[in-house]
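Chain A is the first sequence line, chain B the second, and so forth, proteins listed ahead of strands; every chain is numbered from 1.
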Amino acid sequence: MIESHATTQEVHGHRALQHHFENMEQQREAGTIGMWVFLVTEIMFFGGMFLAYALYRNMFPAAFASASNHLDITLGAVNTGVLILSSFTMAMAVYFTQVGKQRPQIIALVLTLILGLAFLGIKAVEYHEKYTDRLIPGHLIPGASFGPAVQEHDQPMDAHKLHLLPGATLKQVEMFYWIYFAMTGMHALHMIIGAGLLIFLIIWSMKGRFDPEYHGPVEVVGLYWHFVDIVWIFLFPLLYLLGRHFEH
Amino acid sequence: MQPIESFEVPAPSKVNYINAQYGLKSWLLTKDHKRIALLYLASITFFFFIGGIYALMIRLELLTPQGDFLQSTTYNKVFTQHGIIMVFFFLIPSIPATLGNFLIPMMIGAKDLAFPRINLLSWYVYLVGGLITIYALLAGGVDTGWTFYTPFSTTFSNSYVVATGLGIFINGFSSILTGLNFIVTIHTMRAPGMTWFRMPLFLWSHYATSLIMILGTPVIAITILLLAFERVAGVGIFDPELGGDPILFQHLFWFYSHPAVYIMVLPGMGVISELVANFSRKNIFGYSFVAFSSIAIAVFGFLVWGHHMFVTPQSVYAGMIFSFLSFAVAIPSAIKVFNWTATLYKSSISYDTPMLYALGFIGLFTIGGMTGLFLASLATDVHLSDTYFVVAHFHYIMVGGTLMAYMGGLHYWWPKITGRMYPEGWGRFSALVIFVGFNLTFLPQFIAGYLGMPRRYHAYPPEFQVFNVLSTAGASILGFGMLIPAIYFVWSMRYGRHAEPNPWHLPGLEWRTQSPPPTENFEVTPIVTWEAYEFAPPEETEVVGRFGPELERT
């Protein structure tokens, strides 16, 4: 097809320009808007679970406080720090790509990947703790259906036993853990997808695919990564912190 | 300013998007939006056929008051599967994925959608979702109703709920990707001079549809996912036994599924805006009102879901607000109807097949919309809830609205899509048959429903038989009417008269390239200097003499 536009002629040479775009600017803009729109769908996707959380927290405040107190706040807090740091390195990766510094860009991407994997590792430790305390709801895992040991008032404190506040029942606690696993599990799935995307970015950066003219993919994955972080920023206080003011 | 006569259609080249490449691979791996539209066209036609068979079985069973053709359990599966196939696999993708896919880039003067690969992916996702659902139907079917209400769907139903849910879940991503692609395309790919308010209204309505697709579909996705987990793993968000709330399911379900009705009808409204303006050869009355009413419908549409739950323990005050908002959503819909009618006033109407469908749409959509107000009123809804009145109401919107618009649009753009004309006489004849058959099917259901015939039963008291006989007779006529276009469309692909680039003599961009278009749509990126629906005054065209005898026809 013959191109008639002068603007097309100038930049048509860029190897990353797809045939249906007029220029790199249009292509980058399309990618960025596309990711923003996708993130809107993600907000709605998580929104359904946030609604369920809000509803049941309002219905069973005591059970949600008991269950929330049983979560490992240290691991949760460390993970929050890890994720915020990974957001920083991701932002640096985007910046280095925009200014065309390949080495720092690769380092920043690798750091982001390592931090992301660290988050997933810590999350796995937490999940395992819940598994040994028999806090996996329903019969999700065969042979380990929900049934935590309950802390009696006259016994010494045991970190592996669930301390039920007055008014809370085990069924309601199970509901909390189902919401907990649904939300953090869905978040972890997004982290895994993000880590996969990062691996692609690292390979492409090493091949020198990106330059100041073409850095859309890094920017778009960056947006995604920050979004997944922000979801956690909401999950952490809702699941771990709210309700701690009940007696412990 | 003589837009029609001033444009030059490039000398017809033999190469177009259909014959540019040959072979199965060139179709299955295509990134061309026009070819993907045809892939969608073939697959939704397939699903429409399956859904139609279920409709046939329902109507046959209801011919007599006793359950003599189907058992109650089979009947439950049949109406459920009719609903699921028709809603998720035909109506929701129908106009956007075929006509929208084909036309959006052409109407804005782009070479393709913003993300051609994602576009192809969306078709594969649709196909996988569809095949899983078909598997579920063959394996034993599903009997929950297309609404999957809990706790029946999670605890009691012994049918393939999870497999069907998985199919719908996957199919939802196809819808999300399509909506995402349309929004980005309309934002970033418009040709020079194609401002927002020069866009054909088809694009505004597709923009509004895409908004609903990206905001609503993720919610049904997570809802179905939670439902499936609840069924498989015995963990419950909706299960009362675990302290869950089945009403939460209904809220989440209708938060998507009510706006989904607007996913179905808004693209239809876009088609009708095109047809009404173009076949009355007059600029649409109140362009910006019609454009913004699409957006208003998308926004209000998200705030009315509670009117599906007037008979649940939903708060009375919430019910009142939902009732008020449901009335409010009728306003932008009415604006459209009034503006279409005002466009017709003192215009030069030609009654070609697409226009017959458009006029049918206006009438049927008005009936469907007005009866919706009965259901949006709290008190009357208690009487009419779960009766055939509801069935008739939403079929007037979904079939009388969306299907009529889809058929009209398909005829209208058929010359552009295939490069061939359909037989006009047969077209008009079948449009009339479909109109008559449709009304005969669903008008009696309003009466039966008002008199108290409940939906979803395979047997009913004998006094309702007369309405059901009428309805079944109408359905047969409707089915016959649908077969005629199916035959002549296929026939015309080979034997139809060759279409000129612009058989209807219209100013839209899609008519300013050859039929069928080349792979990149336009030889040269167009520069838009005219408004949508800007028709040259008749005397000017006459002086120029460009169209000669055709002018008489239009």
Side-chain angles (χ1 to χ4, degrees), chain A residues 1-5 7-8 18-22 25-53 55-56 59-60 63 136-142 145-146 169-179 181-182 185-186, chain B residues 31 33 105 110-118 173 176-177 179-181 183-185 187-189 191-192 210-211 213-223 225-226 229-230 232-239 241-245 248 251-252 255-256 518-525 527:
Chain A
M1 289 291 134
I2 310 146
E3 295 295 342
S4 69
H5 267 258
T7 48
T8 321
Q18 290 174 290
H19 82 103
H20 59 293
F21 288 113
E22 291 287 331
E25 176 65 31
Q26 191 190 25
Q27 178 171 332
R28 189 164 56 239
E29 194 181 279
T32 316
I33 295 181
M35 184 44 87
W36 278 110
V37 174
F38 177 71
L39 295 184
V40 170
T41 72
E42 289 280 36
I43 290 172
M44 297 307 290
F45 187 77
F46 279 98
M49 289 185 286
F50 277 105
L51 176 71
Y53 172 88
L55 178 72
Y56 293 122
M59 277 166 77
F60 317 127
I136 313 282
H139 43 81
L140 212 51
I141 294 173
S145 51
F146 188 81
T169 70
L170 266 185
K171 278 287 179 203
Q172 297 166 353
V173 170
E174 188 175 357
M175 173 74 81
F176 175 90
Y177 275 102
W178 169 225
I179 292 175
F181 277 107
M186 204 50 78
Chain B
K31 283 180 266 166
H33 66 103
K111 292 183 189 127
D112 207 321
L113 287 171
F115 306 116
R117 253 175 299 187
I118 289 181
F173 287 98
I176 290 174
L177 294 176
L180 187 151
N181 223 336
I183 288 182
V184 175
T185 305
H187 268 284
T188 61
M189 308 282 286
S210 307
L211 285 181
M213 282 173 164
I214 62 154
L215 290 173
T217 320
V219 177
I220 194 76
I222 188 68
T223 310
L225 202 60
L226 293 177
F229 267 113
E230 180 152 341
V232 171
V235 289
I237 283 208
F238 310 124
D239 185 356
E241 212 183 311
L242 285 167
D245 189 352
L248 175 66
H251 277 294
L252 288 172
F255 181 81
Y256 165 74
T519 301
E520 295 210 318
N521 295 344
F522 302 95
E523 300 284 322
V524 178
T525 302
I527 295 170

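Only the backbone of B:Leu113 comes within contact range of chain A, with at least one heavy atom under 4.5 Å from a heavy atom of that chain. Looking at A:Tyr177, there are no atoms closer than 4.5 Å to chain B (heavy atoms on both sides), in backbone or side chain. Proximity to chain A (any heavy atom under 4.5 Å) is shown, for B:Ile214, by both the backbone and the side chain. Interface residue A:Phe38: backbone and side-chain heavy atoms are both found under 4.5 Å from chain B. Using a 4.5 Å cut-off between heavy atoms, B:Leu180 touches chain A through backbone and side chain atoms alike. Contacts between B:Leu252 and chain A at a heavy-atom distance below 4.5 Å involve the side chain alone, from C-beta outward. Using a 4.5 Å cut-off between heavy atoms, B:Met213 makes no contact with chain A at all. Using a 4.5 Å cut-off between heavy atoms, B:Ala221 touches chain A through backbone and side chain atoms alike. Residue contact with chain B, scored on non-hydrogen atoms closer than 4.5 Å, involves the backbone and the side chain of A:Ile33 alike. For B:Asn521, no part lies near chain A; criterion is any non-hydrogen pair under 4.5 Å.
Chain B forms more heavy-atom pairs under 4.5 Å with one residue of A:Val37, A:Val40, A:Leu55 than with any other, namely A:Val37.
Side-chain atoms of A:Glu174 come within 3.5 Å of backbone atoms of A:Gly138 as a donor-acceptor pair (strictly under, hydrogens ignored).
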Side-chain polar contacts of residues 42-51 of chain A - donor-acceptor pairs under 3.5 angstrom, sequence neighbours left out - could you list them?
{"residue": "A:Glu42", "atom": "OE1", "partner": "A:His190", "partner atom": "NE2", "Å": "3.0"}
{"residue": "A:Glu42", "atom": "OE2", "partner": "A:His190", "partner atom": "NE2", "Å": "2.7"}

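Nearest heavy atoms, B:Ser210 versus B:Gly179: CB-O, 3.4 Å. Shown here for B:Asp112 and B:His33, the closest heavy-atom pair between the two residues is OD1-CB, 3.2 Å. Between A:Glu22 and B:Thr525, the shortest heavy-atom contact is OE2-OG1, 3.0 Å. For the pair B:Asp245 and A:Tyr56, the tightest heavy-atom approach, listed with the atom from each and the gap, is N-OH, 2.8 Å. B:Leu248 and A:Ala52 make their closest contact through CD2-CB, 4.0 Å (heavy atoms, listed as atom of the first residue, atom of the second, distance).
Counting only residues at least two apart or on different chains, the side chain to side chain donor-acceptor pair (under 3.5 Å) pairs with a member in residues 25-39 of chain A are A:Glu25-A:Arg28.
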